[in-house]
Protein chains: 2
Amino acid sequence: MTEKAIPSPAAIKAWARLIRVSRQLVERAEDALKDSSLPPLAWYDVLHELAEAGEGGLRPFQLIERTLFAQYNISRLLARLEADGLVEKLRVADDGRGQTIRITGKGRETRRRMWAIYGRSIAELVGAKLSHDDLDALSALLGRLRDPATLE
Amino acid sequence: MTEKAIPSPAAIKAWARLIRVSRQLVERAEDALKDSSLPPLAWYDVLHELAEAGEGGLRPFQLIERTLFAQYNISRLLARLEADGLVEKLRVADDGRGQTIRITGKGRETRRRMWAIYGRSIAELVGAKLSHDDLDALSALLGRLRDPATLE
DNA sequence: CCGATATTAATGCAATTGCATCTACATATG
DNA sequence: CATATGTAGATGCAATTGCATTAATATCGG
């Protein structure tokens with residue numbers, strides 16, 4: 001096979017920048033949320049998926065697929081969101097094991113307020129740094145690095 | 001000012017892919033290390049910096065600058081590395097507060113074994129997915145997203 | 001229908017992270 | 001020199017993560 005065990009310098013550089021830049025950017029975005037006394041990004045990810053899902057809600061395992069969080073992580077994150085009144089857990093009729101998670105009004109409101117800050121961070125950290133074409137080019141390149149098994 | 005509070009769809013897409021792909025890739029690399037019973041990536045980062053620094057070693061605050069880890073994180077990570085005999089802490093002559101961290105032979109050996117796995121992951125996850133030119137293009141685009149204050 | 005296996009979600013416990021603070025030493029200022 | 005301020009690094013405690021396991025259904029094969 002052509003599996004190379006040793007990465008090229010170009011691959012190493014791209015890897016290093018990818019890891020480093022994404023860490024920096026996430027940290028900046030998290031800091032911005034904290035400065036506004038808002039919950040962490042992980043909460044946004046879940047609230048976002050639930051808001052998109054609408055009244056039907058989502059099963060926890062669907063959230064796991066969409067957000068890439070670990071199962072135990074989602075389980076506990078949902079417990080915290082429920083404790084804060086941002087989501088509600090509903091028994092699901094046709095599967096006694098499961099439940100459906102639905103976002104509440106308060107959850108939508110929290111998501112909105114988070115987006116005001118998070119969206120600004122994205123605009124500043126990424127939108128303001130690259131042209132439209134460069135953003136598209138970046139998305140395309142990153143798209144080719146996705147796990148083939150996880151193509152959205 | 002031209003500060004936009006609302007990110008363009010292209011910016012949102014690039015952001016989402018950046019965060020998602022980097023998480024996936026890091027997780028894959030971590031899994032590969034775990035599968036070989038090797039320490040996590042954070043250890044590699046520190047051992048790598050120390051190996052590059054040579055016999056002179058590095059001060060903890062220099063590691064913080066280079067790796068972007070939080071101060072308390074480095075402090076504890078170094079304690080674990082020392083407990084494992086991978087680094088040693090040396091009193092530094094001209095500053096009674098500080099210390100110099102130096103990698104040990106065992107530390108170099110561990111780094112080597114980690115690189116065998118980690119390097120393969122990079123080759124597979126990134127090197128095998130993009131051409132040399134595309135890798136360079138990706139590095140260039142990511143370079144423009146770096147925090148201006150942290151330009152290596 | 002029954003037992004074996006798979007899936008969904010939760011949880012006990014150890015390790016790590018984050019936050020705030022603390023100690024020790026350095027440097028600047030009058 | 002004495003005090004105030006700054007810097008290097010460690011640490012107590014709470015929150016989160018990771019790992020392994022568990023409980024409660026569901027589904028499949030006979």
Side-chain angles (χ1 to χ4, degrees), chain A residues 23-24 26-46 49-50 57-84 86-102, chain B residues 23-24 26-46 49-50 53 57-84 87-102:
Chain A
R23 250 194 255 168
Q24 270 184 0
V26 166
E27 195 180 326
R28 298 292 217 102
E30 294 275 18
D31 286 348
L33 288 171
K34 254 175 290 193
D35 289 347
S36 299
S37 304
L38 289 167
L41 275 187
W43 289 37
Y44 182 85
D45 290 343
V46 169
E49 295 298 338
L50 290 175
L58 287 175
R59 302 280 301 267
F61 72 87
Q62 295 177 298
L63 281 168
I64 291 169
E65 293 165 5
R66 286 165 169 72
T67 62
L68 306 185
F69 289 125
Q71 183 269 322
Y72 58 80
N73 224 325
I74 284 289
S75 178
R76 280 156 168 160
L77 183 42
L78 289 176
R80 280 172 240 151
L81 289 170
E82 188 187 29
D84 261 47
L86 305 184
V87 307
E88 49 192 355
K89 299 184 174 182
L90 312 169
R91 284 300 129 208
V92 63
D94 62 332
D95 189 337
R97 296 166 298 186
Q99 51 189 311
T100 294
I101 310 297
R102 193 165 61 191
Chain B
R23 251 195 253 166
Q24 270 185 358
V26 166
E27 194 179 327
R28 300 289 218 101
E30 294 274 19
D31 286 348
L33 289 171
K34 254 176 290 192
D35 289 347
S36 299
S37 304
L38 289 168
L41 276 187
W43 288 38
Y44 182 85
D45 290 343
V46 168
E49 295 297 338
L50 290 174
L58 287 176
R59 301 281 300 269
F61 72 86
Q62 295 178 296
L63 281 169
I64 292 169
E65 293 164 4
R66 286 167 169 72
T67 61
L68 305 184
F69 289 127
Q71 183 269 320
Y72 58 80
N73 224 325
I74 284 291
S75 176
R76 281 157 168 159
L77 182 42
L78 290 176
R80 280 173 240 153
L81 289 170
E82 187 186 30
D84 261 47
V87 307
E88 50 192 353
K89 298 183 174 183
L90 312 169
R91 284 296 131 209
V92 63
D94 61 334
D95 188 338
R97 295 166 299 183
Q99 49 188 313
T100 292
I101 310 297
R102 193 164 61 191

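Chain identifiers are assigned alphabetically (A, B, ...) following the order of the sequence lines, protein sequences preceding nucleic acid strands; residue numbering begins at 1 within each chain. Just the heavy atoms: all of them, side chains too, but no hydrogens, waters or symmetry mates, feed the values below. Model, not experiment: these values are computed from the prediction.
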### Query
Is B:Lys89 near enough to D:dA10 that one of its side-chain N or O atoms lies under 4.0 angstrom from OP1 or OP2?
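Indeed, a polar side-chain atom of B:Lys89 lies that close.
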### Message
I need the residues from residues 34-46 of chain A with at least one non-hydrogen atom less than 4.0 Å from DNA chain D; give them sorted by number, or say none.
### Response
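Those residues whose heavy atoms fall under 4.0 Å from DNA chain D, taken from residues 34-46 of chain A, amount to none.
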### Message
Output the rounded distance in Å from CG (B:Asn73) to P (D:dA8).
### Response
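Atom-to-atom, B:Asn73 to D:dA8, this comes out as 18 Å.
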### Message
Using whole Å, what does the distance between atom P of nucleotide D:dG9 and atom CD of B:Gln99 come to?
### Response
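These atoms are roughly 6 Å apart.
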### Task
Name all residues meeting the side-chain hydrogen bond (donor to acceptor under 3.5 Å, both in side chains) criterion together with A:Arg28; count only those two or more places apart in sequence or in a different chain, and write none if there are none.
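Residues passing side-chain hydrogen bond (donor to acceptor under 3.5 Å, both in side chains) with A:Arg28: B:Asp147.
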### Query
Taking only residues two or more places apart in sequence or in another chain, which ones pass side-chain hydrogen bond (donor to acceptor under 3.5 Å, both in side chains) with B:Asn73?
none
### Message
Below 4.0 Å from chain A heavy atoms, what is the first contacting nucleotide of DNA chain C and what is the last?
### Response
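On DNA chain C, the outermost contacted nucleotides are C:dT7 to C:dC19.
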### Message
Restricting to side-chain contact (heavy atoms from CB on, under 4.5 Å), what partner residues turn up for A:Gln62, sequence neighbours left out?
### Response
A:Leu58, A:Arg59, A:Arg66
#### Entry: With B:Gln71 via side-chain contact (heavy atoms from CB on, under 4.5 Å) - residues at least two apart
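With neighbours one apart ignored, the set is B:Ile64, B:Ser75.
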### Message
To the closest 0.5 Å, what do you measure between CD1 (A:Ile74) and OG1 (A:Thr67)?
### Response
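Result: 4.0 Å between the selected atoms.
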### Task
Can you check whether any acceptor in the base of D:dA10 is under 3.5 Å from a donor in the side chain of B:Gln71, or vice versa?
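Check passes, donor-acceptor contact within cut-off.
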### Task
Would you mind listing every side chain to side chain donor-acceptor pair (under 3.5 Å) that reaches into residues 89-102 of chain A, with sequence neighbours excluded?
A:Glu88-A:Arg102, A:Asp95-A:Arg97
Going by atom type alone, with no hydrogens or angles, which donor-acceptor pairs under 3.5 Å involve a side-chain atom of residues 77-84 of chain A and a protein atom two or more places apart or on another chain?
none

### Query
On DNA chain C, nearest-nucleotide positions of A:Gln62 versus B:Tyr72: which is more 5'?
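This one resolves to A:Gln62.
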Please produce a list of atom pairs where a protein N or O lies less than 3.5 Å from an N or O of nucleotides 25-28 of chain D.
from	atom 1	to	atom 2	distance (Å)
D:dT25	O3'	A:Gly96	N	3.4
D:dA26	OP1	A:Gly96	N	2.5
D:dA26	O4'	A:Arg97	NH1	3.3
D:dA26	O4'	A:Arg97	NH2	3.4

Side-chain donor-acceptor pairs of residues 38-46 of chain B under 3.5 Å, sequence neighbours excluded:
from	atom 1	to	atom 2	distance (Å)
B:Tyr44	OH	B:Arg111	NH1	2.8
B:Asp45	OD2	A:Arg23	NH2	3.4

### Task
Name every residue in residues 74-81 of chain A that has at least one heavy atom under 4.0 Å from any atom of DNA chain C, in order of residue number, or write none if there are no such residues.
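Here the set is A:Ser75, A:Arg76.
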